[in-house]
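Here the structure comes first, spelled out in structure tokens, and everything after it is commentary.
Per chain, numbering begins at 1; letters A, B, ... match sequence-line order.
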Number of protein chains: 2
Amino acid sequence: MATGRNHRPATRSRGIPEATVARLPLYLRALTALSERSVPTVSSEELAAAAGVNSAKLRKDFSYLGSYGTRGVGYDVEYLVYQISRELGLTQDWPVAIVGIGNLGAALANYGGFASRGFRVAALIDADPAMAGTPVAGIPVQHADDLDRIISENGVSIGVITTPPGAAQQVCDRLVAAGVTSILNFAPTVLSVPDGVDVRKVDLSIELQILAFHEQRKAGEEAASADSGPDPAAPPVRAATSSRKGPDGDMPAVMPA
Amino acid sequence: MATGRNHRPATRSRGIPEATVARLPLYLRALTALSERSVPTVSSEELAAAAGVNSAKLRKDFSYLGSYGTRGVGYDVEYLVYQISRELGLTQDWPVAIVGIGNLGAALANYGGFASRGFRVAALIDADPAMAGTPVAGIPVQHADDLDRIISENGVSIGVITTPPGAAQQVCDRLVAAGVTSILNFAPTVLSVPDGVDVRKVDLSIELQILAFHEQRKAGEEAASADSGPDPAAPPVRAATSSRKGPDGDMPAVMPA
DNA sequence: ACTTGTGAAGTCTTTCACAGCC
DNA sequence: GGCTGTGAAAGACTTCACAAGT
């Protein structure tokens, strides 16, 4: 796992499954909406619907946190909001630094969802000297030369990388050296980090490619009869006679030079 | 053999596991980089390292596509690039429409990774009449009133939603009505769509919250040298005052009225 | 000698279904 | 009547380890 994943082996620490952790924010959002409408309690069925999951899964998820519901009644909204927030660490303030203030970096700096929940954009950093001082979302951009100082002065432990791919690894190294231990990476690169540093990746083009895969399936199914396939751009050629065995779409065999 | 029949694996992706599909773009990116450096062949070990996964997983993934390697040698880079591209449906052109041209929408419109592989930003749509006609990333923004026409005229089947959350479901409905069958949703909302429509979600604040969870745990580990509590599992301590039995941190202030 | 491809084993996640409580 | 909490079963995914091929 070159992505610097944090593997916590056998020793059963009080482990909440990763899949559950990934859904807690979803529940929290749904609960917050209910809270704003002053709904006092909610059943697993209702909450699950609002969060877009099924209710058995939700109940199982909550069971890892403790017994926070009341049989026959449901869950107390405010109480759950607090418990999940605490579990996620959102009862404290997390200063975040965004590195790479291009289109995407600026969009993130302006994104309301950040500030709304424990996260505070503490610094914007860019390598372009021309940007230094320019305020983006009301926060002045600082130069990358000062990255170290900025990170430690602000006590930043979560960094967001929105640089071009070529710069991402280097920025990552510097962030880690300065004390950052969690990174959200928007650059389409595989980052390598030392043990103990978490990386999460958001990759727009990967998401689109996954959609395209399913989209293609749908189209193929529809016209399952004819239409053997539009001849795409020059397919590479494969060598010699041999044991190719693609599941269906085998192709004219040719080999690259 | 297994006891059960093969039921639909939720997202029917005939044969190829969803987890594998999600990694194909990663492999493709690594392969493209190799291709650009004119590397002719690559072993599962090398390619796995470049993609940030382990080699057994990669080989298993490829085995779902067919036997595209050569034992004792490795994989032919160009050939694999083609096969994966075809599998993902990237040998054809996918016109994409982005709805909601705020900061994020504009960032996406400018994002090079889109165009680079089969995806073409065919239309930008926004509800603000003041934006109509303004070019963003060289493409004029069109008004949401014409959404229907724009989608069908351009043959768009993939839509990207970057509107504020309040507008997302409505936009989604209109996209679906106009013929879109795959949606990439950046709005922090659970979209409901009819069967046959795929939705993928990218949620920035969720990613941050997951990082915060792990970050918090790291901090706690450091400090609490002694194990966090007497008993991590749930012992039948349910007596005492009331029936709450959270793992450790019991309530502070935020209880309901 | 070297690397792929894959059954089998292991682990993680989801779902079922019902006991227990309101 | 209601609903939660949870063992147990089912299923999906990963990893192991080695036979088979070049």
Side-chain angles (χ1 to χ4, degrees), chain A residues 1 3 5 7-12 15-24 27 41-49 51-76 79-80 83 239-247, chain B residues 1-13 15-23 27 41-49 51-76 79-80 83 233-236 238-239 242-247:
Chain A
M1 48 197 51
T3 333
R5 285 272 331 157
H7 223 202
R8 198 128 314 240
T11 324
R12 67 136 100 217
I16 299 179
E18 197 49 40
T20 295
V21 172
R23 280 186 296 264
L24 292 180
Y27 302 144
T41 62
V42 67
S43 71
S44 63
E45 202 68 57
E46 295 166 320
L47 183 52
V53 304
N54 90 21
S55 66
K57 183 146 58 181
L58 177 144
R59 288 199 303 279
K60 187 61 126 184
D61 283 342
F62 285 0
S63 81
Y64 294 116
L65 308 183
S67 291
Y68 293 149
T70 308
R71 291 168 204 247
V73 177
Y75 300 92
D76 181 291
Y79 187 69
L80 248 194
Q83 289 297 348
T241 61
S242 63
S243 47
R244 284 296 151 199
K245 77 158 193 237
Chain B
M1 286 294 192
T3 17
R5 272 5 147 44
N6 219 350
H7 284 285
R8 257 149 254 177
T11 320
R12 56 160 134 188
S13 38
I16 303 180
E18 196 51 38
T20 294
V21 172
R23 280 186 296 267
Y27 302 144
T41 63
V42 66
S43 70
S44 63
E45 202 68 58
E46 296 165 320
L47 183 53
V53 304
N54 92 21
S55 66
K57 183 147 57 182
L58 177 144
R59 288 199 303 278
K60 188 61 122 185
D61 284 342
F62 285 180
S63 80
Y64 294 115
L65 308 184
S67 292
Y68 293 151
T70 308
R71 291 170 204 244
V73 177
Y75 299 92
D76 181 290
Y79 187 71
L80 249 193
Q83 289 296 349
R238 54 162 84 172
S242 96
S243 48
R244 296 291 183 202
K245 83 165 190 234

A:Glu18 CD to C:dT14 P: how many Å, rounded? 11 Å
Under the criterion side chain to side chain contact (heavy atoms under 4.5 Å, CB included), I'd like the reasoning laid out for B:Leu80 against B:Leu47: C-alpha separation, chi angles, the key distance, then a yes or no. CA-CA 11 Å; B:Leu80 249 193; B:Leu47 183 53; 4.3 Å; yes
Of the listed nucleotides D:dG5, D:dT14, C:dT14, the one nearest the side chain of A:Lys57: C:dT14
How many Å lie between OH on A:Tyr64 and P on D:dG5, as a whole number? 14 Å
According to a strict under-4.0 Å criterion, is A:Asn54 in side-chain N/O contact with OP1 or OP2 of C:dT14? no
Interatomic distance where CZ belongs to B:Phe62 and P belongs to D:dT14 [whole Å]: 14 Å
Between protein and nucleotides 7-9 of chain C, what N or O pairs are separated by less than 3.5 Å?
unit_1, atom_1, unit_2, atom_2, d
C:dG7, N7, B:Lys60, NZ, 3.3

Point-to-point distance, once rounded to the nearest 0.5 Å, from OG1 of A:Thr41 to OH of A:Tyr79: 15.0 Å
Mind checking ring-ring contact (aromatic ring centres under 6.0 Å, His included) for B:Tyr75 and listing every partner two or more places apart, or none if nothing turns up? B:Phe62
I'd like to check A:Ile16 versus A:Leu65 (side-chain heavy atoms, cut-off strictly below 4.5 Å). Are they in contact? yes
Provide a list of protein-nucleic acid N or O atom pairs under 3.5 angstrom, restricted to nucleotides 1-4 of chain C.
unit_1, atom_1, unit_2, atom_2, d
C:dT3, O4', B:Gly72, N, 3.1
C:dT3, O2, B:Gly72, N, 3.3
C:dT4, OP1, B:Ser44, N, 2.4
C:dT4, OP2, B:Ser44, OG, 2.5
C:dT4, O2, B:Arg71, NH1, 2.9

With rounding to the nearest 0.5 Å, note down the distance linking OG in B:Ser55 to CD in B:Glu46. 11.0 Å
Distance check, rounded to the nearest 0.5 Å: B:Lys57 atom NZ versus B:Ser44 atom OG? 13.5 Å
